[in-house]
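Here the structure is a predicted model, which means the values were calculated and not measured.
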Amino acid sequence: MPKPKQTNSASLGFEQQIWNAACELWGHIPAADYRKIFTGLIFLKYISAAFEKKHAELVEEGDGFEDDPDAYAAENIFFVPQKARWQHIARAAHTPEIGAVIDGAMQAIEADNKSLKGVLPKNYASPELDKRVLGNVVDVFTNMDMSDTEASKDLLGRTYEYCIAQFASYEGVKGGEFYTPASVVKTIVGILKPAEGKRVYDPCCGSGGMFVQSVKFIQEHAGNRNNVSVFGQEANADTWKMAKMNMAIRGIDANFGDHHEDTFFNDLHPTLRADFIMANPPFNLSNWGQDKLRGDERWEFGLPPAGNANYAWIQHMIHHLATNGKIGLVLANGALSTQSGGEGEIRRRIIKEDLVEGIVAMPTQLFYSVTIPVTLWFITKGKKQKGMTLFIDARKMGHMVDRKHRDLSESDIARLADTFSAFQNGTLKDEKGFCAAATTEEIARQDYILTPGRYVGIEEQEDDGEPFEEKMTRLTAELSGMFKKSRALEDEIREKLGAIGYDI
């Protein structure tokens, strides 16, 4: 059994405990099946924790509303049927019936919530799943405190991604990419500023994190969280179910279609024109079906190459954008400068159409399972600053939360959002090495390459007061001394190797 890796608890919270639960399953089921086990248990535990907290408050108030579903719905808290509450499951943890009890809990929830019909996992009674092991996993969840878990978190996606990434290093498999780190989502939402009464769309919604943060943003800015129309689509069946569960937990009414579906081949929202589109498409997706979609109306700026779907995603989103609508999406850095397969020409046409409002180069190591650097693109119809694009180099921002993962602080996110606001309001001052506004003509002179470093320049170094001639004399003397030491060390190594019969 693998030893749990140490993580920053302030950042990961209860994921470490979920990792402990995952270790109980190690060797008993394939890693690919963890999602089905864990999403269901996280879902049950979380809705029970939120329900029990509110239930206790209502009992204390003494007005007899503790069993009234409307009292919970008023605060977007999921009403949990009696047989689906965690105490009922915990009591059966070490009985042969534990699998059937959990499956029964899922069935009871689906019976009360038609939007979840056929969505929740009901594989716990399967003979392949050792009930003793399952009982141990339930014990770990029973001892887990979710009462203070922020409702803003993409709980299912975040915890599953964490566990699968941990196991990936042992099994040599790649973790999922359906979870976008919260700091990346918050940056997109903070810059786009979704408002109530608008349509929000994600054509590759994964576990639904973009919607969680959008609704939270609206709520925090005195808007009505229920007065927003949410549309999404997801190709992976299990991830589509996870997104449905995530929305149910949050009390968000979302239209994800009646089933999972490939966005390119079967667009479930063909007539939608969204006010805000936010997405983290699969990076550099190959074999996306270009040969069967050559004449598609979405390729307004050119046919995307068969070997990379980046510009197919961009054009799909532009196609679905309302007048004055805004897009924020995550792309691998290659899309900024590629010329292959006609991508450079598509990018040139999009820029000349004055659609690219801003580009943000992000730091590395933000994702659990993907190490390649990424960029945030902001595409807008009806830009405030006509013929101008904002470039931000944020690669030095953030802090390491553990050996492998970086995160952006709230102040980092606020700085990025404020920089965008200043640009849109015409008050931005270029900052060497960080931000600059460029005209379409300046971008054209750079062959329509959108790499922020070309426009923001190099950060000015603070003058240390040492005259240039003196500094060069000192540095060259230090370098000469290092060369002498290097030669002396080389001679010593040769001598020692020669003494034992090896000549180099």
Side-chain angles (χ1 to χ4, degrees), residues 5-16 148-155 157-159 161-162 165 177 179-194 206-221 278-280 328-331 333 358-378 390-425 427-436 452-453 456 459-460 462:
K5 299 176 185 177
Q6 292 304 305
T7 56
N8 184 312
S9 58
S11 159
L12 292 171
F14 60 86
E15 276 101 320
Q16 186 65 51
D148 293 325
T149 301
E150 291 179 36
S152 64
K153 288 178 180 169
D154 175 3
L155 191 74
R158 181 171 175 243
T159 51
E161 183 86 350
Y162 170 69
E177 293 175 16
Y179 168 71
T180 309
S183 60
V184 175
V185 180
K186 286 179 181 177
T187 300
I188 292 173
V189 170
I191 289 172
L192 291 187
K193 298 178 175 57
S207 51
M210 296 288 183
F211 305 128
V212 173
Q213 291 297 340
S214 296
V215 169
K216 182 173 185 284
F217 182 91
I218 292 167
Q219 193 170 3
E220 286 179 345
H221 291 77
M278 308 176 206
N280 173 25
L329 75 153
V330 187
L331 285 176
N333 281 4
I359 299 287
V360 182
M362 297 295 277
T364 58
Q365 298 177 288
L366 290 172
F367 288 74
Y368 278 137
S369 56
V370 183
T371 57
I372 63 173
V374 301
T375 307
L376 304 186
W377 291 53
F378 293 92
L390 173 64
F391 293 92
I392 298 178
D393 189 342
R395 290 176 298 171
K396 293 182 180 178
M397 295 181 80
H399 58 280
M400 297 302 290
V401 295
D402 59 35
R403 209 164 40 83
K404 291 186 175 180
H405 301 116
R406 181 181 295 274
D407 205 0
L408 296 180
S409 66
E410 294 293 337
S411 60
D412 290 333
I413 295 167
R415 184 186 180 197
L416 293 172
D418 290 345
T419 301
F420 250 86
S421 294
F423 166 68
Q424 291 165 335
N425 297 332
T427 58
L428 177 77
K429 293 182 180 178
D430 289 359
E431 187 178 331
K432 273 280 191 186
F434 177 65
C435 68
V456 304
E459 184 179 2
E460 292 180 0
E462 189 175 334

TODO: Just jot down the ring-ring contact (aromatic ring centres under 6.0 Å, His included) partners of F434, sequence neighbours excluded, or say none.
DONE: none

- [ ] Using the test side chain to side chain donor-acceptor pair (under 3.5 Å), find all partners of T375 that sit at least two apart in sequence or belong to another chain.
- [x] N333

TODO: List for me each residue that meets side-chain contact (heavy atoms from CB on, under 4.5 Å) alongside V215, sequence neighbours excluded, and say none if there are none.
DONE: R225, V228, I252

Task: side-chain contact (heavy atoms from CB on, under 4.5 Å) against A394, all qualifying residues, sequence neighbours excluded - done: V360, I392, M397, L416

Open item on the list: If you define the side chain from C-beta out and look only at heavy atoms, does anything of L428 sit under 4.5 Å from C435?
Closed with: yes

Open item on the list: Between K186 and K216, is there a side-chain heavy-atom distance shorter than 4.5 Å?
Closed with: no

TODO: Please report the shortest heavy-atom distance between A436 and V456, naming the atom on each side.
DONE: N-CG1, 3.7 Å

Open item on the list: I'd like to check L376 versus M362 (side-chain heavy atoms, cut-off strictly below 4.5 Å). Are they in contact?
Closed with: yes

Open item on the list: Is there a side-chain contact between F367 and N280 in this structure, where contact means two heavy atoms from C-beta onward sitting under 4.5 Å apart?
Closed with: yes

Task: Non-neighbouring partners of F391 that pass ring-ring contact (aromatic ring centres under 6.0 Å, His included), sequence neighbours left out - done: Y455

Open item on the list: Can you tell me how far apart CD (Q424) and OG1 (T419) are? Round to the nearest 0.5 Å.
Closed with: 11.0 Å

Open item on the list: Side chains of V212 and V185, heavy atoms from C-beta outward: is any pair under 4.5 Å?
Closed with: no

- [ ] Heavy atoms only: give me the nearest A417-I191 pair and the separation to one decimal.
- [x] CA-CG1, 3.9 Å

Open item on the list: Can you tell me how far apart CD1 (I413) and CD1 (I188) are? Round to the nearest 0.5 Å.
Closed with: 10.5 Å

- [ ] Before accepting this row, confirm whether a basic side-chain N of the pair R415/E431 lies closer than 4.0 Å to the acidic partner's carboxylate O.
- [x] yes

- [ ] Calculate, to the nearest 0.5 Å, the distance between atoms CG and CZ belonging to L192 and F378 respectively.
- [x] 5.5 Å

Open item on the list: Within the structure provided, determine whether P363 and L408 are in side-chain contact (heavy-atom separation under 4.5 Å).
Closed with: yes

Open item on the list: Within this structure, what is the CZ-CG distance for the pair F420 and N425, rounded to the nearest 0.5 Å?
Closed with: 12.5 Å

Task: Donor-acceptor contact present, side-chain H221 to main-chain F217, <3.5 Å - done: yes

Task: V189 vs M278 side-chain heavy atoms within contact, under 4.5 Å - done: yes

Open item on the list: Could you work out, with side-chain contact (heavy atoms from CB on, under 4.5 Å) as the rule, every residue matching S411, not counting sequence neighbours?
Closed with: S409

Open item on the list: Which residues pass the salt bridge (Lys or Arg N to Asp or Glu O under 4.0 Å) test with R406, not counting sequence neighbours?
Closed with: none

TODO: State which residues pass ring-ring contact (aromatic ring centres under 6.0 Å, His included) with H399; sequence neighbours excluded, sorted by chain then number.
DONE: none

TODO: Could you tell me whether the side chain of Q213 reaches within less than 4.5 Å of the side chain of P194, counting heavy atoms only?
DONE: no

